[in-house]
Amino acid sequence: MVTIRLTNSKTRRKEDFSPLNPADVRLYLCGPTVYDRAHLGNARPVLVFDVLVRLLRHVYGGNAVTYVRNFTDVDDKINAEAQRRRDAGAPGTLEDLIHQRTEETIGWYHADMDALGAARPDHEPRATAYIPQMVAMISGLIERGHAYAADGHVLFDVRSFPEYGRLSGRSVDDMIAGARVEIAPYKRDPMDFVLWKPSDADLPGWDSPWGRGRPGWHIECSAMSAELLGEAFDIHGGGIDLLFPHHENEVAQSCCAHPGAGFASVWLHNEMLQVEGKKMSKSLGNFFTVRDLLDQGVPGEVIRFVMLSTHYRKPMDWTAAKAADAEAVLRKWHGLTAGIAPATSPTPAVIAALADDLNMAGAIAALHDLAGKGDAGALLASARMLGLLLPGMGDWAQAGDDAAVLIDRLLIARTEARTARDFARADAIRDGFAAAGVEVKDTPQGAEWSLAPGFDADRLRALAGDLA
Ligand code: AMP
Ligand code: ZN
């Protein structure tokens with residue numbers, strides 16, 4: 001069996017992956033807070049996990065993997081957006097407007113991630129559907145002396161968990177010195193974090209032993225992962241921006257609520273998508289959404305290729321040049337594999353590269369080798385491990401297939417013109433190709449052509465209409 005190696009944030013080392021139960025490999029990815037459209041950075045963990053899940057299913061079996069990604073559908077930002085709509089005169093109660101906002105955002109999220117070829121997880125729990133589990137977990141933490149109620153709030157007592165800070169590699173005292181911790185009169189220690197907080201009468205809230213309120217963000221993931229994957233599971237992931245405090249707090253909650261269980265064996269963190277050296281984020285305003293790119297006509301498959309081309313542990317930028325290169329490569333691969341059946345299994349070089357801490361660049365290099373050798377069946381089966389060349393995903397490249405017919409017709413017309421010594425006509429075809437972004441090379445075996453990144457299908461059609 002292939003050995004997968006992953007860099008575990010917990011040990012800061014690349015380790016052999018060994019699932020707790022190879023017949024049921026379990027992963028949890030922190031999902032979005034559903035108040036607005038996903039920006040491109042938010043797609044990075046989704047795509048990294050999508051390839052990881054494809055690899056795990058290949059190695060352990062299609063039914064041997066359970067993948068959970070949550071929706072955080074209770075949050076101040078959601079409430080604020082609903083309030084803004086109500087202030088603008090939208091009909092319905094605040095509760096209705098909150099519900100509308102989360103439903104519409106989840107719909108967008110599905111549509112956008114589907115467009116990137118990301119398979120839906122096995123479970124997509126919404127936080128609001130797991131409030132009883134959260135309340136039970138918080139009660140357990142209080143009973144075990146790891147949490148305390150004060151002023152309608154429940155707080156986790158970080159000093160009760162000596163390992164607090166181990167995942168992110170900080171001590172509590174360093175954190176207090178360095179972090180923007182919220183000092184509040186009801187906190188015993190400034191680092192103590194909220195498990196439960198009171199809700200105003202018009203905001204979403206649930207009855208609890210501590211009064212009407214709502215959960216803190218961190219407890220959601222601890223409760224939902226335990227419910228759907230068990231107290232111990234294999235891989236927990238998210239962007240590196242979640243390492244502290246979110247994941248540190250999840251570890252504290254889960255390990256204290258379920259002593260000895262172990263929680264996640266491997267922590268996998270992707271680095272950030274950046275814009276001019278800064279993390280792309282809603283709060284910095286330096287973001288564009290996945291939908292913006294799709295609307296500009298960048299195919300989802302091209303976005304996926306670019307996002308996967310940089311190793312997940314390295315920061316990356318989105319550039320138009322990368323998109324143009326990816327588009328040209330994918331057009332070529334679609335052309336090569338059109339009408340071809342995939343090989344029965346992916347090429348070992350692609351699996352070996354992915355198994356080595358998801359070395360995508362290595363996997364893509366192996367795909368180029370297959371394309372270079374003209375091994376279209378193996379290319380197709382192997383590219384699908386990366387979620388590329390999936391059935392139905394390459395429709396955008398069909399424009400290239402139609403183009404192929406027109407280009408062949410024009411090349412025949414050019415040969416006829418040359419034979420008839422009608423050089424003006426032959427030159428017009430040559431210039432027309434250049435203007436449409438079709439590169440033609442004459443070789444002893446005949447003309448070879450390729451589509452340049454700026455390929456313009458309309459110009460090609462016009463040329464064919466004029467001359468062919
Ligand atoms: P959020 O809705 O902000 O909690 O983010 C959802 C997911 O996107 C989390 O796993 C974040 O770590 C991840 N994420 C947010 N911004 C970026 C970024 N610029 N690059 C990569 N991942 C990001
Ligand atoms: Zn989480």
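Counting begins at 1 with the first residue of the sequence. Atoms within a ligand are numbered from 1 in the order they appear, just like the ligands themselves.
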Q: Between Cys30 and ligand 1, which part of the residue brings a heavy atom under 4.0 Å of the ligand: side chain, backbone, both or neither?
A: backbone
Q: Give yes if a backbone or side-chain nitrogen or oxygen of Gly238 is under 3.5 Å from a nitrogen or oxygen of ligand 1, and no if not.
A: no
Q: Is a salt bridge present between Arg304 and Asp50, judged by a nitrogen-to-oxygen distance below 4.0 Å?
A: yes
Q: If you count the non-hydrogen atoms of other residues, nucleotides and ligands that lie under 6.0 Å from CD in Glu95, is the total more than 12?
A: no
Q: Which ligand 1 atoms are under 4.0 Å away from a heavy-atom of Glu271?
A: 21 (C)
Q: A cation-pi test, strictly: NZ or CZ of Arg101 under 6.0 Å from the centre of the six-membered ring of Tyr35 and no more than 45 degrees from its axis. Yes or no?
A: no
Q: Ligand 1 and Pro32, any nitrogen or oxygen pair closer than 3.5 angstrom?
A: no
Q: Would you say that Asn249 contacts Tyr164 through its side chain, given a criterion of any heavy-atom pair below 4.5 Å between the two side chains?
A: yes
Q: With backbone taken as N, CA, C and O and side chain as the heavy atoms from C-beta onward, which portion of Ile240 lies under 4.0 Å from ligand 1: side chain, backbone, both, or neither?
A: neither
Q: Output yes if His247 passes the N/O/S-under-2.8 Å test against the Zn ion (ligand 2); output no otherwise.
A: no
Q: Counting backbone and side-chain atoms alike, is an N, O or S atom of His218 positioned under 2.8 Å from the Zn ion (ligand 2)?
A: no
Q: Can you list the ligand 1 atoms lying under 4.0 Å from a non-hydrogen atom of Leu242?
A: 9 (C), 10 (O), 12 (O)
Q: Does Met272 reach ligand 1 with a nitrogen or oxygen that is under 3.5 Å from one of the ligand's nitrogen or oxygen atoms?
A: no
Q: Numbering the atoms of ligand 1 from 1, which are under 4.0 Å from a heavy atom of Met280?
A: 16 (N), 18 (C), 19 (N)
Q: For ligand 1, which atoms sit closer than 4.0 Å to a heavy atom of Lys279?
A: 16 (N), 19 (N)
Q: Charged N to carboxylate O below 4.0 Å: is that the case for Glu271 and Lys314?
A: no
Q: Looking at Asp189 and Arg159, is there a salt bridge between them, counting it only when a charged N and a carboxylate O are closer than 4.0 Å?
A: yes
Q: Could you list which atoms of ligand 1 come closer than 4.0 Å to a heavy atom of Pro45?
A: 8 (O), 10 (O), 13 (C), 22 (N)
Q: Which heavy atom of the protein is the closest neighbour of atom 20 (N) of ligand 1, given with residue, atom name and distance?
A: Leu273 N, 2.8 Å
Q: I need the SG(Cys221)-the Zn ion (ligand 2)-NE2(His246) angle, rounded to 10 degrees.
A: 110°
Q: Look at the N, O or S atoms of Glu250, main chain and side chain alike, and state whether any lies under 2.8 Å from the Zn ion (ligand 2).
A: yes
Q: Indicate the ring-plane relationship of Phe156 and Phe193, choosing parallel, tilted or perpendicular according to the 30° and 60° boundaries.
A: parallel
Q: Identify, for atom 23 (C) of ligand 1, the protein heavy atom at the shortest distance, and state residue, atom and that distance.
A: Gly41 O, 3.4 Å
Q: Compute the shortest N/O to N/O distance between Asn42 and ligand 1 and return yes if it is under 3.5 Å, no if not.
A: yes
Q: Should you measure from each heavy atom of Thr33, which atoms of ligand 1 turn up under 4.0 Å away?
A: 2 (O)
Q: For atom CZ of Arg5, decide whether the heavy atoms of other residues, nucleotides or ligands shown that lie under 6.0 angstrom number more than 12.
A: yes
Q: Would you find more than 12 non-hydrogen atoms of other residues, nucleotides or ligands less than 6.0 Å from Lys10 atom NZ?
A: yes
Q: For Asp241, take its heavy atoms, then give the atoms of ligand 1 lying under 4.0 Å from any of them.
A: 11 (C), 12 (O), 15 (C)
Q: Within 45° of the axis and under 6.0 Å from the centre of the six-membered ring of Tyr109, does NZ or CZ of Arg37 qualify?
A: no
Q: Give the residue and atom name of whichever protein heavy atom lies nearest to atom 10 (O) of ligand 1, and the separation in Å to one decimal.
A: Gly239 N, 3.2 Å
Q: For atom NZ of Lys278, is the number of surrounding heavy atoms from other residues, nucleotides or ligands below 6.0 Å larger than 12?
A: no
Q: In ligand 1, which numbered atoms sit nearer than 4.0 Å to a non-hydrogen atom of Asn270?
A: 21 (C), 22 (N)
Q: Can the ring centroids of His153 and Trp210 be said to lie less than 6.0 angstrom from one another?
A: no
